[in-house]
Structure formats: structure tokens, C-alpha cells
Amino acid sequence: MKKVAIGGGQGFWGDSPDAAIHMVRHADIQYMACDYLAELTLSIMQRQRLKRPEAGYARDFIGMMKEIGKVAKERNIKILTNAGGMNITGCVDTLKEALLAQGVQNYRIGYVTGDDMMGQIDELMSQGVTFENMDDPQVGDFKDIRSKLVNANVYFGRQPMMECLDGGADVVLTGRASDSALFLAPLAREFGWTDADLDQLARGIMVGHMLECGGQGAGGNFLYDWRSVPRMDELGFPIAEVTEDSLQITKAPDCGGLISEQSVKEQFLYEVHDPANYITPDVTVDISHATIRNAGPDRVEVGGIRGKPAPDRLKLSLGYHAGYKVVTYLPFGWPDAYEKAQYAADILMKKMRRKGMQYEDIRIDYLGVNALHMGLAEVNEEMLKNLNECVLRIAIRTKEKRDAALIIPEISPLQLNGPPGACFFGGRSHVEDVIGLWPTLIPRDAVKLQSHILEVK
């Protein structure tokens with residue numbers, strides 16, 4: 001029976017390439033997919049490109065391909081990735097140069113364009129598309145942020161990537177392809193799945209879902225029993241072995257990590273809001289009756305996945321300029337570290353009021369006390385009394401840059417002008433732009449994707 005093995009090579013932009021490099025060199029796989037994008041990543045990439053036109057993609061991917069491009073070609077491992085971000089052709093050109101420098105020949109770079117919808121916003125508005133915020137319809141009118149847009153990218157599915165593979169692509173580069181579609185595309189092509197094969201498409205999507213977060217699917221960030229994960233310093237990433245009627249998750253040989261019923265379950269349910277209706281561009285997935293069981297050492301069998309028709313509309317991720325922010329820190333040491341940090345915060349806020357600072361939002365946290373768990377943190381007098389240290393963190397979001405900048409010069413002086421035991425570190429903070437996220441839905445027929453092939457000879 002035909003079996004296709006595909007690995008997950010990256011979990012996010014900035015992830016370690018070590019597991020992907022090990023996988024390509026040592027695992028028995030035919031494909032590897034690498035996910036670099038998150039909700040706001042494209043907005044960050046667009047800001048980079050506005051400053052430097054040659055930027056706007058995940059340069060991490062190029063660095064990884066310098067390590068594995070040649071061996072992947074020799075082992076006939078095809079790679080799919082959304083590392084193209086906001087500058088797909090720039091990424092393609094740089095990849096070509098990197099491959100030529102390695103002496104790689106007869107290599108085909110496939111790439112997909114058309115997910116950038118910025119140039120079509122006004123036309124869609126004239127056609128009656130309202131761009132309602134799908135997370136919070138009450139948040140306001142889209143027209144209020146229209147002039148502040150930074151990027152507009154649509155989540156798309158498997159089809160254009162399959163076209164690249166049909167054209168003989170050794171690597172497929174995209175922008176905002178949905179994470180799981182990077183994995184579904186080669187599986188659907190290998191097995192000939194069509195839009196009518198809903199259960200199979202759903203299985204392919206869940207392959208992607210279990211692999212798209214890299215190490216998190218193989219014992220990284222493992223809440224159930226992180227102490228049981230072997231060789232976490234050499235953490236391997238998960239691999240899916242798929243046939244027409246089976247799906248198993250495993251990992252590369254001779255690496256760390258853990259594939260178990262519990263580790264797979266944690267990733268399986270990650271970010272799935274409704275297990276009966278997990279919506280993707282390709283298919284709506286039902287995992288409400290799925291089964292997950294151990295099938296051997298570092299091997300888990302997954303079954304019971306069902307599919308429903310794909311949604312009529314596609315998600316459009318809009319990034320917009322939402323003001324400015326500044327984050328400042330000031331640590332205090334024992335004794336009375338928490339009390340001193342509170343007092344310093346009070347001093348700063350009194351000064352800001354006198355200087356007329358206006359802000360949209362403010363957070364005052366105490367690292368070591370409630371910065372992570374906030375109001376749920378267990379805080380008692382004995383614990384506060386015995387704190388070795390406490391770091392005051394103040395984060396402010398403003399409409400005007402001037403307001404955000406007011407607090408910056410006030411932090412360092414508190415070493416001598418405030419309660420004792422302060423220690424300034426990390427240098428002065430700086431004002432940063434805030435990118436807001438406006439998720440919405442648009443008609444499928446408004447999206448025109450194009451597949452391309454560039455030959456490296």
C-alpha cells in the first residue's frame with residue numbers, strides 16, 4: 001500500500017532549524033513543510049519591507065536551505081513553506097542565489113502569488129463587501145481603519161501549491177497559505193484526493209495541524225509531563241506517515257523528543273475552538289469522534305477524522321496601524337521588593353498625570369508575582385515578604401507617539417529618586433508602532449491566485 005511521509009520543519013518565524021536539518025539528513029520522508037507565519041507576522045514583514053524593499057520574508061528559511069538544499073535535492077525531498085511572507089519574489093530570488101552557490105542544478109522553485117489583497121480593498125468595498133470584524137462585530141466600522149491598513153492577506157488552501165508540484169517543483173514558496181494546507185497539498189496530490197473526498201481532506205488537514213507547530217507536537221511545551229521528554233536539547237519534530245486508510249505520527253531516528261498519546265492529544269486540540277467544526281479553506285473538519293492511541297515507541301495512530309464542506313468565504317487578515325506602545329522595566333531586590341515596585345509604579349503614574357499623558361490602555365505587572373497569571377495568580381503576604389526580587393513592568397498604548405515617549409526618561413532616575421534597591425538594565429526603552437489585527441471574511445471568487453515555476457539550471 002502506498003505510504004507518504006511528511007515532516008514538520010518549523011513551528012514559527014524564528015524557530016530553530018536544527019530539527020529540520022536533522023530530518024532532511026536522516027529521516028525517511030518525501031516531503032517537509034515549514035510554517036513561518038502567524039496572525040500578525042505579515043504586518044511585521046510589511047513594515048520591514050517598507051523600510052527595505054528587499055526585505056519582507058523569512059530569511060531564516062534561506063539560512064536553513066543553505067544547509068539542506070543540496071541534500072534535499074539528492075534525497076528527492078520536496079519542501080513547502082509560507083516563508084515568502086510579504087515578498088515572495090524576493091524570497092524566490094534569494095533562494096535561487098543560495099542554491100546556485102551550493103552548486104544545485106536542475107532545481108525548480110514553485111511559488112504562489114495573489115494572496116496580497118491590498119490593491120483590491122476599494123473595489124471590494126464598491127461591490128458591497130463590508131469587512132465586518134469576525135472576532136468582534138461591535139468593535140467599529142472598517143471605514144475607520146481603511147486609511148491605516150498595513151497589509152491585507154487572504155488565507156488560501158491547497159490548490160495552487162498542488163499546481164506547483166504538478167509542474168515539478170522541488171520547493172514551493174507561498175505567502176499566507178493556511179498552515180495546514182502546506183501539508184495537505186502534497187498528500188492530496190499523491191493520493192488524488194478531490195473536493196468530494198471530504199474525510200480524506202480532513203485527515204490531511206489534521207496531519208498539518210499536528211505537525212505545523214514543530215517541536216510542540218513532539219514533546220516541546222508539553223504540559224502533561226515535560227520532565228519525561230528525553231534529550232530536549234536535541235528535540236526532533238513530528239513526522240506523519242499516511243496511507244489511504246491510516247495515519248500515524250512518529251519522528252526522525254536518533255533525536256530527542258516524545259511522540260505519545262498525551263503529547264499528540266495536546267497538539268491535536270491546540271487552537272481548535274469547535275472540535276466538530278474546525279474551519280479551513282479546504283474543508284471543515286470534525287474531530288469530535290477522533291481516536292488517538294499509542295501504536296509503538298514514539299508512534300501514535302490517529303483515526304476517526306471526518307470532513308464537511310469547505311466554507312463559502314475565505315478569511316482575510318487585515319493589519320492596521322493602531323497607535324504606539326512602550327514597555328518599561330525596573331527591578332527591585334529584597335527586602336520588600338514587591339512593595340517597592342508598587343511604590344515606584346505609583347510615582348511614575350503621578351508624574352505621567354502631571355505631564356498630561358493620554359493613553360488607550362495600560363498594564364502594570366510585577367514579574368515573579370502576577371505578570372503571567374494576572375488576576376488568577378495566588379498572592380499571599382508570606383510569599384510577598386520572601387520575594388528575592390520583583391520586576392516592575394509597565395506597558396502603555398497610546399494614540400500619539402509623544403504620549404508613549406513621556407515615560408521613557410522617567411525610569412532610570414528612579415534608581416536614585418525612588419525606593420531603595422532598584423537596578424536598571426537593558427538600556428532605555430523605545431516607542432514602537434502597534435499593529436492591530438482585523439480579521440474578516442471575503443467571497444472566494446474575489447481571490448485570484450497564480451502558480452509559477454522558476455528553473456534553477
Side-chain angles (χ1 to χ4, degrees), residues 5-29 31-38 58 60-61 63-64 67-68 77 79 81 179-180 182-183 203 205-242 246-272 275 278 287 290-305 367-368 371-373 376-378:
I6 182 170
Q10 290 280 290
F12 58 93
W13 185 19
D15 200 358
S16 168
D18 293 352
I21 293 169
H22 178 85
M23 187 184 296
V24 167
R25 290 176 177 170
H26 302 288
D28 183 14
I29 58 174
Y31 297 92
M32 182 174 72
C34 300
D35 175 29
Y36 285 87
L37 302 182
D60 303 17
F61 176 69
M64 184 180 74
E67 295 281 339
I68 63 170
I77 297 172
I79 298 171
T81 180
D179 308 349
S180 50
L182 296 168
F183 300 81
R203 282 203 312 138
I205 285 294
M206 290 311 293
V207 165
H209 184 72
M210 287 183 282
L211 271 56
E212 69 192 28
C213 292
Q216 184 169 279
N221 198 25
F222 185 33
L223 182 63
Y224 180 80
D225 186 10
W226 58 271
R227 294 180 181 86
S228 69
V229 181
R231 297 164 59 190
M232 199 175 284
D233 60 304
E234 299 177 285
L235 189 70
F237 287 4
I239 293 170
E241 296 179 354
V242 186
S246 71
L247 163 56
Q248 292 191 342
I249 305 298
T250 184
K251 64 183 182 69
D254 192 25
C255 63
L258 175 70
I259 302 294
S260 69
E261 178 182 331
Q262 291 81 12
S263 68
V264 171
K265 281 180 177 178
E266 284 194 13
Q267 178 61 33
F268 197 72
L269 295 174
Y270 175 69
E271 291 185 337
V272 175
Y278 178 45
I287 59 170
T291 58
I292 298 175
R293 63 177 183 84
N294 288 320
D298 286 315
R299 184 170 291 273
V300 168
E301 178 89 23
V302 181
I305 299 168
L367 277 62
L372 290 178
H373 292 116
L376 298 177
E378 181 180 349

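Keep in mind that the numbers below use all heavy atoms, side chains included, and drop hydrogens, waters and symmetry copies. What you are looking at is a predicted structure, and each value in this text was computed from that prediction instead of being measured.
Within the 4.5 Å cutoff, the side chain of Met206 has no heavy atoms near those of the Ser180 side chain. Inter-residue side-chain proximity for Ile68 and Met32 is flagged as met; some heavy-atom pair is nearer than 4.5 Å. Annotation: side chain of Asp35 is not in contact with side chain of Thr81 (no heavy-atom distance under 4.5 Å). Proximity of Tyr31 to Ile79: side-chain heavy atoms (C-beta onward) are nowhere separated by under 4.5 Å. Ile249 has its side chain out of reach of Asp298: every pair of non-hydrogen atoms, C-beta onward, lies at least 4.5 Å apart. In this structure the side chain of Val302 never reaches within 4.5 angstrom of the side chain of Thr291, judged on heavy atoms. In this structure, the side chains of Lys251 and Pro238 stay at 4.5 Å or more apart for every pair of heavy atoms.
Remark: Asp254 CG to His22 NE2 distance equals 5.5 Å, nearest 0.5 Å. Leu211 CG to Gln10 CD: the interatomic distance, rounded to the nearest 0.5 Å, is 13.0 Å. Rounding to the nearest 0.5 angstrom, the gap separating the CZ atom in Phe183 from the CE atom in Met210 is 10.5 Å. Separating the CG atom in Asp15 from the SG atom in Cys213 is a distance of 9.5 Å, to the nearest 0.5 Å. Atom CD of Glu266 is separated from atom OG of Ser260 by 8.5 Å, given to the nearest 0.5 angstrom. To the nearest 0.5 Å, atom CD1 of residue Ile259 and atom CD1 of residue Ile239 are 8.5 Å apart.
Pairing each heavy atom of Met64 with each of Ala20, the nearest pair is SD-CB, 3.5 Å. The minimum heavy-atom distance linking Gly9 with Cys34 is given by the pair CA-SG, 3.9 Å. The two residues Ala240 and Leu247 have their closest heavy-atom pair at CB-CD1, 4.2 Å.
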Name every donor-acceptor pair, under 3.5 Å, that has one atom in a side chain of residues 217-225 and the other anywhere in the protein, sequence neighbours excluded.
from: Asn221; atom 1: ND2; to: Gln216; atom 2: OE1; distance (Å): 2.9
from: Asp225; atom 1: OD2; to: Ser228; atom 2: OG; distance (Å): 3.4

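A salt bridge links Arg25 and Glu67; the closest N-O separation between the charged side-chain nitrogens and carboxylate oxygens is under 4.0 Å.
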side-chain contact (heavy atoms from CB on, under 4.5 Å) between Ile29 and Ile6, worked out: CA-CA 6 Å; Ile29 58 174; Ile6 182 170; over 6 Å; no

Working for side-chain contact (heavy atoms from CB on, under 4.5 Å), residues Tyr36 and Phe12: CA-CA 4 Å; Tyr36 285 87; Phe12 58 93; over 6 Å; no

Test side-chain contact (heavy atoms from CB on, under 4.5 Å) applied to Glu212 and Leu182, step by step: CA-CA 9 Å; Glu212 69 192 28; Leu182 296 168; over 6 Å; no

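Of the possible donor and acceptor atoms, none in the side chain of Glu241 sits under 3.5 Å from a partner among the backbone N and O of Thr250. A donor-acceptor distance shorter than 3.5 angstrom exists from the side chain of Arg203 to the backbone of Ser246, with no hydrogens or angles considered. Side chain of Asp233 to main chain of Leu235: no donor-acceptor pair is present (N/O by atom type, distance under 3.5 Å, no hydrogens or angles). Here the side chain of Asn294 pairs a donor or acceptor atom with the backbone of Glu261 at under 3.5 angstrom.
The ring pair (Phe, Tyr, Trp, His ring centres under 6.0 Å) test applied to Tyr278 returns His209, not counting sequence neighbours.
Side chains of Glu301 and Gln248: a donor on one and an acceptor on the other come within 3.5 Å.
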